[in-house]
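To keep things clear, I will list the structure first and then write my remarks on it.
Labels below follow one simple rule: chain letters A, B, ... track the order of the sequence lines, proteins then strands, and each chain is numbered from 1.
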There are 2 protein chains.
Amino acid sequence: MATSVFIVDDHYMVIEGIRSLLQHEKGIEWAGHAQSAASCLAYLQREQPDVILMDINLPDMSGIDLCLEVKKKYPFVFIIGLSTFNQQSFIQKMMENGASGYVLKNATQEELTEAIDLVCKGKTYLSDEASFALREHTAAQIILTRREKEVLELIAEGMTNNEIAKQLFISVTTVDTHRKNLLAKFEAKNVASLIRAAVKMQLIK
Amino acid sequence: MATSVFIVDDHYMVIEGIRSLLQHEKGIEWAGHAQSAASCLAYLQREQPDVILMDINLPDMSGIDLCLEVKKKYPFVFIIGLSTFNQQSFIQKMMENGASGYVLKNATQEELTEAIDLVCKGKTYLSDEASFALREHTAAQIILTRREKEVLELIAEGMTNNEIAKQLFISVTTVDTHRKNLLAKFEAKNVASLIRAAVKMQLIK
DNA sequence: GCCGGTCTCCCCTTTTTCAGGGATTTTATT
DNA sequence: AATAAAATCCCTGAAAAAGGGGAGACCGGC
């Protein structure tokens, strides 16, 4: 029986590209496509494909969140993440949320079909670049607590410790402690390098 | 006579997508594709297409720089920029460097062919989102002087005014002046918001 | 030659950050 | 119940940044 493949990507050209790559492939059936998380979820209520190729960037919800939601509702649908080369920091989160594989958008037809085949058998497929990035990223990953994230956000907004303290209804000294922990975790010597690093790691927008 | 179209994009799937969109289009001839700036330039030495669809993100050189170079050497080749929705800040630079149009990667077949037709006639095509972004961006554009850029870079590195002064062989007070001007230009109240804004506007990486 | 912009330098004051500690309570997790 | 992790709070003192000025030198364009 043929494997049905569904794709979620907001870029029409990418959908077309994958369709074109897969259309003559035996054993693969085109289940359809969606350009948003919402329409993907709507489709899944009617029918479930074997594999979903899912972009990280969607207009209404991130692929990471969508992945989690889809896996919760339809655990037997396998998900393969899709992204461009410079979004590798998301791979980790995507896999944590239940994706079975990860393919970069410059993958060849062979890589794509191999990924679909492997994933259907319950295995994991990571493109070379993806698995490399995963190792790199895991090493350099920085885990922030809830409060630290909040403080970081507000620092990035340009607020002083005093202002942050008022906003969060805590003491200035507490904010200062969180700030110090942030600086330590990022190995940054001041806010400038902190914010730069945080933006690089996609922890703030 | 048919319009020959060449495409430069490092994502194989996007190339396939566009090829699939254009292949049955009368009046459009597929000239080929390249996945890097270098191979694009190599191709152009042999023959020149009428239109190049050019991605902003290339592995070896940015599309913006490639655009400038191609236009310098082959001024009669029309270039249409290609990008995803969240890279709109590059549109301005692409147009400044001689591009004739800009299309987002979620464009439909109609938009794409319309863009190619218009551009061939020497006109400009901007997708709705692109022209909107252009207006937004132009209004909010911030022009930095040579020195300000240098200081900004070093601030982002986490250096203090003192360290920057030593590095640039100027007085601390001068660095401070530049810093103040940067804050004023960005309408930022401290480095945190300055760096965030600068990263957003792609002035630093 | 003049003007605008850039780069340079200096003054002052106040605010904020940074670097060191230390310490208690809350909240999971086992 | 014990432990670990997170969140809370406090102190001191030095360093840096921010906010407010002013001012001379250089350079390119009109």
(message) Let me spell it out: for each of Leu144(B) and Lys180(B), pick the nucleotide of DNA chain C with the closest heavy atom. Which residue's pick is nearer the 5' end?
(response)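 Mapping each residue to its closest nucleotide by heavy atoms, the 5'-most match is Leu144(B).
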
(request) Would you kindly compare Phe169(B) and Asn190(B) by the position of their nearest DNA chain C nucleotide and give the one closer to the 5′ end? (result)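 Final value for this comparison: Phe169(B).
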
(request) Answer yes or no: is there an ion pair linking Lys149(B) with Glu153(B), defined by an N-O contact shorter than 4.0 Å? (result)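 No, Lys149(B) and Glu153(B) are not salt-bridged.
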
(message) For Arg147(A), is there an ion pair with Glu150(A) - N to carboxylate O distance below 4.0 angstrom?
(response)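 A salt bridge links Glu150(A) with Arg147(A).
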
Protein-nucleotide distance ([X], atom [atom1]; [N], atom [atom2]), rounded to Å:
{"X": "Arg179(A)", "N": "dA17(D)", "atom1": "CZ", "atom2": "P", "answer": "13 Å"}
{"X": "Leu168(A)", "N": "dA7(D)", "atom1": "CG", "atom2": "C1'", "answer": "12 Å"}
{"X": "Leu182(B)", "N": "dA18(D)", "atom1": "CG", "atom2": "C1'", "answer": "13 Å"}
{"X": "Lys166(A)", "N": "dT15(C)", "atom1": "NZ", "atom2": "C1'", "answer": "13 Å"}
{"X": "His178(A)", "N": "dT17(C)", "atom1": "NE2", "atom2": "P", "answer": "15 Å"}
{"X": "Ile143(B)", "N": "dT6(C)", "atom1": "CD1", "atom2": "P", "answer": "9 Å"}

Name every donor-acceptor pair, under 3.5 Å, that has one atom in a side chain of residues 166-178 of chain A and the other anywhere in the protein, sequence neighbours excluded.
from	atom 1	to	atom 2	distance (Å)
Ser171(A)	OG	Thr173(A)	N	3.0
Ser171(A)	OG	Thr173(A)	OG1	2.8
Asp176(A)	OD1	Asn161(A)	ND2	3.4
Asp176(A)	OD2	Lys180(A)	NZ	3.3
Thr177(A)	OG1	Thr173(A)	O	2.9

(request) Looking only at side-chain atoms of Thr160(A), point me to the closest of dG21(D), dT17(C), dA17(D). (result)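 In terms of side-chain proximity for Thr160(A), the closest of dG21(D), dT17(C), dA17(D) is dT17(C).
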
(request) Could you identify which residues of residues 149-158 of chain A place a heavy atom less than 4.0 Å from some atom of DNA chain C, listed by residue number, or say none? (result)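 Listed by number, there are none.
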
(request) Please work out whether the ring planes of Phe6(A) and Tyr43(A) are parallel, tilted or perpendicular, with thresholds of 30° and 60°. (result)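 Geometry flag for Tyr43(A) against Phe6(A): parallel rings.
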
